[in-house]
There are 2 protein chains.
Amino acid sequence: MSFDPCGILGKSPALTQLFKILEKVAPTDTTVLVTGESGTGKELLVRALHKNSPRHKGPFVPVNCGAIPKELLESELFGHEKGAFTHAIRSRPGCFELANGGTIFLDEIGELDLSLQVKILRVIQEKEFERVGGTQTKKVDVRIVAATNRNLEEEVKKGNFREDLFYRLNVIPIELPPLRERGEDILLLANFFLEKFCTLKNRPPLSFSPEVKELLLNYSWPGNVRELENFMERISILCENERVEIEDLPEKILKEQGLNQPKPQKTEAFTFPSLQDMLQLKMDLKTFLETIENKLITEALEESKGVKNKAANILGIKRTTLIEKIKKKEL
Amino acid sequence: MSFDPCGILGKSPALTQLFKILEKVAPTDTTVLVTGESGTGKELLVRALHKNSPRHKGPFVPVNCGAIPKELLESELFGHEKGAFTHAIRSRPGCFELANGGTIFLDEIGELDLSLQVKILRVIQEKEFERVGGTQTKKVDVRIVAATNRNLEEEVKKGNFREDLFYRLNVIPIELPPLRERGEDILLLANFFLEKFCTLKNRPPLSFSPEVKELLLNYSWPGNVRELENFMERISILCENERVEIEDLPEKILKEQGLNQPKPQKTEAFTFPSLQDMLQLKMDLKTFLETIENKLITEALEESKGVKNKAANILGIKRTTLIEKIKKKEL
DNA sequence: TGTAAAGTGTCAAATAGATGACTTAAAGTC
DNA sequence: GACTTTAAGTCATCTATTTGACACTTTACA
């Protein structure tokens with residue numbers, strides 16, 4: 001009936017809007033150009049497009065044009081015949097052949113150099129190409145979806161990208177907005193990933209404290225969904241409690257908010273007590289350390305308004321241990 | 001129960017902090033990215049991580065990606081089939097295959113070129129790869145730990161490092177601080193290495209004069225632990241007496257000492273450390289008290305010129321107790 | 001150089017401390 | 001009101017720490 005996002009992408013208005021377009025585009029064979037910052041999940045989106053298309057039973061072949069050295073890219077895309085170049089000891093089909101009957105996803109298409117752009121253009125227009133070092137013209141039935149995080153229009157102006165190819169690709173432009181513009185999705189995805197990692201690691205699910213939610217929403221997510229996923233995995237390993245608190249967040253998030261340390265009351269640098277201090281007070285080691293411990297416990301209890309559970313957490317000791325200590329010290 | 005550093009890494013607060021993270025990370029299969037100046041002992045740290053993981057019985061395979069010529073690296077990592085290239089007279093498994101069931105350590109991962117980055121990414125995501133010149137897809141069960149002394153985030157910005165790979169690797173970032181920021185470790189390691197070399201060379205153990213200790217602490221250690229180890233080896237050969245004096249030190253250390261900072265004389269009244277201080281240092285109660293105890297014991301030993309009997313008196317504890325403490329803390 | 005005094009290291013028994021399992025009580029939630 | 005969540009208290013068990021007793025070495029000095 002409607003478009004199935006195939007795994008979670010988001011529910012923000014921005015995305016629901018997109019899904020409506022995709023729903024209409026999926027059944028066709030039109031080329032689609034997806035733009036969006038890296039990490040926004042362009043590939044996920046395109047996979048969903050493929051799955052919702054009549055070609056869903058055919059192959060889905062992603063090619064990251066930016067990640068493959070230029071010398072190899074042509075052979076990667078179109079394949080090569082034995083002996084076409086030094087290391088070509090045997091013939092090999094390229095991605096276009098592999099994608100026959102399905103969808104090919106040309107990621108980072110802005111990185112293609114001009115000579116390859118012509119060849120792609122030909123595939124789009126004529127559905128045909130030759131392998132590197134080959135003479136036989138091959139025909140394929142492939143849907144082409146491209147993506148880039150560059151501004152292709154500007155590249156066209158600069159002469160780095162063929163105008164005709166741009167227009168061929170850009171039949172349906174889809175702009176995947178960055179995560180920071182999809183407020184509602186941030187918490188949705190955060191919960192989704194966190195739950196995923198917790199299940200994966202066999203630990204009970206975690207929840208976010210209100211302050212943490214606030215911080216997550218305010219962060220700019222330069223790495224978008226990928227960065228979010230990453231942070232959640234980290235938290236699933238490092239967070240010790242059931243609830244994620246501010247201190248469990250990566251520094252990067254805190255730094256951006258300008259809240260490095262919550263309470264910067266004290267201006268002077270802290271120095272550990274010295275032997276002189278101890279002797280001045282005429283205490284022995286045990287008494288001295290106990291006094292310090294008492295003070296810290298008392299402060300922690302104040303901080304937690306008497307809730308021993310929390311106080312124990314602050315101090316990084318077990319609740320029962322704290323209770324024993326209080327009992328012994330008669331605090 | 002806790003993380004075993006497997007050989008000496010250090011005891012400074014900075015490191016104890018790290019060990020806590022490692023303790024949580026070791027049991028998992030998450031990828032870890034270690035950053036730190038060269039010579040800080042990244043490999044040692046990763047070995048310890050491996051030893052403390054459930055994979056400790058499996059192989060540990062370190063690969064220095066920066067030290068292997070680019071042409072050979074792919075074959076080194078993934079192996080090759082007979083005839084894959086000129087000198088491939090026989091098939092050979094790569095490091096990933098060798099590391100199956102264990103941990104692979106990709107040192108200097110920042111040096112990888114983009115085409116290999118894709119392949120590593122695939123191993124991380126899909127746990128599979130092909131040998132060079134091979135068609136068969138191989139599956140491996142490997143934990144991946146990477147290290148670099150470059151700033152990968154910057155390399156990503158510059159386009160030299162794939163963003164997606166960065167996020168995959170950087171799930172748990174571990175920053176190994178340079179030696180100069182780990183004051184307490186300097187003497188600990190110096191003693192450790194010196195003793196090692198003396199034993200190796202069958203000579204009685206050496207000790208440091210107080211002035212030498214001072215100099216060692218003030219030196220900036222640009223070559224970190226590796227440099228320290230070198231110096232100690234040199235001393236173990238060149239020093240003629242039982243005690244290392246200033247003249248036995250390499251000139252390099254002496255020359256640098258123009259930048260001595262005078263010891264800040266403490267004039268203020270003593271106040272007990274507060275909970276804030278503790279939290280600022282991200283320590284738990286136990287660690288915090290232990291750190292203070294360490295400091296006091298060290299100072300008492302200085303005060304008594306190393307005579308444990310007296311030091312115990314100063315501290316108001318039994319001599320035997322002091323000895324046990326020293327043993328446990330390896331002070 | 002012989003001897004008392006001071007210092008060291010080890011070990012096993014005694015003591016203290018930490019923690020998980022279990023129970024109960026109170027506070028929210030639907 | 002039934003159910004869930006959160007906190008608190010107790011206790012048996014396990015671990016860590018302390019310490020006295022013993023044996024040995026070094027130092028001081030008569």
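By convention in this document, chain letters (A, B, ...) are assigned in the order of the sequence lines, proteins followed by strands, and residues within each chain are numbered from 1.
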Distances under 3.5 Å between nitrogen or oxygen atoms of protein and nucleotides 8-12 of chain D:
residue : atom : partner  : partner atom : Å
D/dA8   : OP1  : A/Lys308 : N            : 3.2
D/dA8   : OP2  : A/Lys308 : N            : 3.1
D/dA8   : OP2  : A/Asn309 : N            : 2.8
D/dA8   : N7   : A/Arg319 : NH1          : 3.2
D/dG9   : OP2  : A/Lys308 : NZ           : 2.8
D/dG9   : N7   : A/Arg319 : NH1          : 3.1
D/dG9   : O6   : A/Arg319 : NH2          : 2.9

Between B/Lys325 and D/dT18, is there a contact of a side-chain N or O with OP1 or OP2 at under 4.0 Å? yes
For [X], enumerate each residue passing the side chain to side chain donor-acceptor pair (under 3.5 Å) test, keeping only those at least two apart in sequence or located in another chain.
X	answer
A/Ser236	none
A/Arg319	none
A/Lys20	none

What N/O pairs connect the protein and nucleotides 26-28 of chain C at under 3.5 Å? Give each pair on its own line.
none

Please tabulate, one pair per line, all N/O donor-acceptor pairs under 3.5 Å involving side-chain atoms of residues 300-312 of chain B, not counting sequence neighbours.
residue  : atom : partner  : partner atom : Å
B/Ser304 : OG   : B/Ala300 : O            : 3.3
B/Ser304 : OG   : B/Leu301 : O            : 3.3
B/Ser304 : OG   : B/Val307 : N            : 3.4
B/Ser304 : OG   : B/Val307 : O            : 2.9

What is the distance from [atom1] of [X] to [atom2] of [N], rounded to the nearest Å?
X	N	atom1	atom2	answer
B/Leu315	D/dT19	CG	P	12 Å
B/Lys318	C/dA16	NZ	P	14 Å
A/Lys305	D/dT6	NZ	P	17 Å
B/Asp284	C/dA18	CG	P	11 Å
B/Ile317	D/dT18	CD1	P	8 Å
B/Lys328	C/dG17	NZ	P	14 Å
B/Leu322	D/dG20	CG	P	14 Å
A/Lys286	D/dT17	NZ	P	13 Å

Can you list everything that forms a ring-ring contact (aromatic ring centres under 6.0 Å, His included) with [X]? Sequence neighbours excluded, please.
X	result
A/Phe197	none
B/Phe105	none
B/Tyr167	none

Here the salt bridge (Lys or Arg N to Asp or Glu O under 4.0 Å) pairs for residues 189-202 of chain B, sequence neighbours left out, are B/Lys196-B/Glu229, B/Lys201-B/Glu233
Angle separating the five-pair end axes of the helix from C/dT1-D/dA30 to C/dC30-D/dG1, nearest 10°, is 30°
List for me each residue that meets salt bridge (Lys or Arg N to Asp or Glu O under 4.0 Å) alongside B/Glu245, sequence neighbours excluded, and say none if there are none. none
Note: B/Asp248-B/Arg234 ion pair, threshold 4.0 Å (strictly below): no
In plain terms, say whether A/Glu324 and A/Lys328 are close enough for a salt bridge, that is, a side-chain N and a carboxylate O under 4.0 Å apart. no
